[in-house]
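Report on one structure; see the data block that follows.
Along the sequence shown, residues are numbered consecutively beginning with 1. Keep in mind that what you see is a predicted model, and the values were worked out from it rather than measured.
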Amino acid sequence: MHPCLWALVLASKGRPSGLLVVLFIAGSFVMRSAGVIINDLADRSFDRQVTRTQTRPLASGALRPWHAVLLLGVLLAGAVSLLSFLNPLAIRLGPIALVLAAIYPFTKRFFRVPQLFLGLAFGWGAVMAWAAVRNQLDPAVWLLFTATICWALAYDTIYALQDVEDDVRIGVNSSAILFGSHVWIAVGIIETAMLGLLAMAGWLENLNIAFYGGLAGVAGFLSQQIRRLRGEVAPSEAFAMFKQHTAIGLVILIGIWVGTL
């Protein structure tokens with residue numbers, strides 16, 4: 001949801017349409033829910049072998065696959081109805097979001113950094129939101145899109161630290177496995193790139209100094225996480241660090257809005 005709101009606020013110079021805000025919040029919820037269902041359907045055999053996920057409804061057998069498919073159909077129908085309120089450019093971009101969401105769960109079988117595809121799926125909403133406001137795709141939106149990919153790659157790498165032992169045992173790829181003991185360096189580089197891309201997008205859209213002050217605050221907080229990643233991180237701590245990124249997304253949103261005043 002946050003990247004969509006980043007794009008809506010930045011593209012509208014701090015005055016997004018109330019209808020678009022509602023549509024993209026609802027759309028983010030619907031598509032995220034649909035993505036979770038697709039992921040759980042694809043991964044139910046893996047989830048049974050992972051301590052953290054073996055109690056998920058599909059993995060445990062509490063929910064049958066056809067039930068999940070039925071709910072997925074309802075959610076996608078809702079997504080189409082929401083999409084119909086947008087302009088033609090945003091509508092044309094919509095199917096790409098579904099394709100990316102459908103591809104992501106399978107990438108962990110063959111791609112060393114599946115979190116990259118998660119970032120693509122997660123960030124595409126920002127591109128659609130920008131198109132919905134301006135009916136065109138300016139350079140700043142691609143910087144915002146790439147920043148979102150970096151953000152998702154960073155926080156989902158932290159999230160994946162919870163399952164490293166199980167993922168190695170069952171042969172599932174993740175960036176946490178790939179980076180290994182250097183995960184703190186990788187996350188640091190990725191998050192630095194994210195902040196740089198956001199700063200460039202803000203510069204292109206003439207945001208004021210308050211925006212950069214907000215980014216500096218985010219950078220300070222992220223540096224604390226990176227230092228913590230240098231040591232051993234328990235699964236519960238990795239999850240807590242992952243959840244902190246919700247607040248980070250909100251701070252960036254507020255920074256963009258204040259930066260337009």
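- More than 12 heavy atoms of other residues, nucleotides or ligands sit less than 6.0 Å from atom CD of Q224.
- Scanning both residues, F24 and S28, for their nearest heavy atoms gives O-OG, 2.7 Å.
- Environment of NE2 in H67: crowded, with over 12 heavy atoms of neighbouring residues, nucleotides or ligands closer than 6.0 Å.
- Considering Q225, R227, R230, R228 in turn, R230 is the only one that fulfils the side-chain contact (heavy atoms from CB on, under 4.5 Å) rule with W184.
- Aromatic ring centres of F242 and Y159 lie closer together than 6.0 Å.
- Under the 4.5 Å side-chain criterion, counting only non-hydrogen atoms from C-beta, F239 is not in contact with V233.
- Within the 4.5 Å cutoff, the side chain of P139 has heavy atoms near those of the L204 side chain.
- For CZ of R169, the number of neighbouring non-hydrogen atoms (other residues, nucleotides, ligands) closer than 6.0 Å is greater than 12.
- To the nearest 0.5 Å, atom CG of residue L195 and atom SG of residue C150 are 9.5 Å apart.
- The distance from the OG atom of S181 to the CD atom of E232 is 12.5 Å, given to the nearest 0.5 Å.
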CA sep, side-chain torsions, deciding dist, call: R109, N173, side chain to side chain contact (heavy atoms under 4.5 Å, CB included): CA-CA 6 Å; R109 292 161 168 79; N173 290 305; 6.0 Å; no
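- Without hydrogens or angle criteria, N208 side chain to G259 main chain gives a donor-acceptor distance under 3.5 Å.
- Just one of W124, W151, W6, F122 meets the ring-ring contact (aromatic ring centres under 6.0 Å, His included) condition when paired with F145; it is W124.
- Shown here are the salt bridge (charged side-chain N to carboxylate O under 4.0 Å, His left out) partners of D156, two or more places apart in sequence or in another chain: there are none.
- Of all heavy-atom pairs spanning L222 and H245, the tightest one is CD2-CE1, 3.8 Å.
- A salt bridge (charged side-chain N to carboxylate O under 4.0 Å, His left out) check over residues 13-33, counting only residues at least two apart or in different chains, returns the pairs K13-E205.
- No donor-acceptor pair under 3.5 Å is formed between the side chain of N135 and the backbone N or O of N87.
- L20 is listed as a side-chain neighbour of L86, based on a closest heavy-atom distance under 4.5 Å.
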Verdict with reasoning, T107 to Q115, per side chain to side chain contact (heavy atoms under 4.5 Å, CB included): CA-CA 9 Å; T107 57; Q115 283 77 9; over 6 Å; no
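- Cluster annotation: Y104 is connected to F111 through the hydrophobic network of ILVMFWY side chains, with a link wherever side-chain heavy atoms come within less than 4.5 Å.
- L8 has its side chain within reach of L5: a pair of non-hydrogen atoms, C-beta onward, lies under 4.5 Å apart.
- Rounding to the nearest 0.5 Å places CG of L120 at 9.0 Å from CD1 of I103.
- Every side chain to side chain donor-acceptor pair (under 3.5 Å) that T157 has, sequence neighbours left out, goes to S175.
- Hydrophobic clustering (side-chain heavy atoms under 4.5 Å, transitive across Ile, Leu, Val, Met, Phe, Trp, Tyr) keeps V36 apart from Y155.
- Taking every heavy atom of both residues into account, W257 and T260 meet most closely at O-OG1, 2.6 Å.
- Residues Q162 and A238 approach most closely at CG-CB, 4.0 Å, considering heavy atoms.
- Nearest heavy atoms, A201 versus L143: N-CD1, 3.7 Å.
- For the residue pair A101 and I38, the shortest heavy atom distance occurs at O-CG2, 4.1 Å.
- H2 is listed as a side-chain neighbour of T246, based on a closest heavy-atom distance under 4.5 Å.
- Each of L93, I96, I91, L89 was compared with M128 under the side-chain contact (heavy atoms from CB on, under 4.5 Å) criterion, and only L93 meets it.
- In terms of hydrophobic clustering, with Ile, Leu, Val, Met, Phe, Trp and Tyr side chains grouped at heavy-atom distances under 4.5 Å, L98 and F106 are assigned to different clusters.
- Taken together through direct or relayed side-chain contacts under 4.5 Å among Ile, Leu, Val, Met, Phe, Trp and Tyr, V80 and F29 form parts of separate hydrophobic clusters.
- To the nearest 0.5 Å, the span separating OG1 on T192 from CG on L197 amounts to 11.0 Å.
- A 6.0 Å sphere centred on CG of L261 holds more than 12 heavy atoms belonging to other residues, nucleotides or ligands.
- Residue L153 holds its CG atom at 10.0 Å from CD1 of I158, rounded to the nearest 0.5 Å.
- Cluster membership check: I254 shares its hydrophobic cluster with L207, using side-chain heavy-atom separations under 4.5 Å among Ile, Leu, Val, Met, Phe, Trp and Tyr.
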Stepwise side chain to side chain contact (heavy atoms under 4.5 Å, CB included) check, I37 with L71: CA-CA 8 Å; I37 292 175; L71 179 56; 3.7 Å; yes
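- Tested against K108 for a side-chain contact (heavy atoms from CB on, under 4.5 Å), the candidates V113, V172, L118 yield a single pass: V172.
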Stepwise side chain to side chain contact (heavy atoms under 4.5 Å, CB included) check, D138 with R134: CA-CA 9 Å; D138 304 296; R134 295 195 179 177; 3.0 Å; yes
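- Looking only at side-chain heavy atoms (C-beta outward), L215 and F211 come within less than 4.5 Å of each other.
- With hydrogens and angles ignored, the 3.5 Å screen pairs no side-chain donor or acceptor of D163 with any backbone N or O of D166.
- Counting heavy atoms from C-beta outward, L229 and L161 have side chains that approach closer than 4.5 Å.
- The CG atom of L23 lies 11.0 Å from the SG atom of C4; values are rounded to the nearest 0.5 Å.
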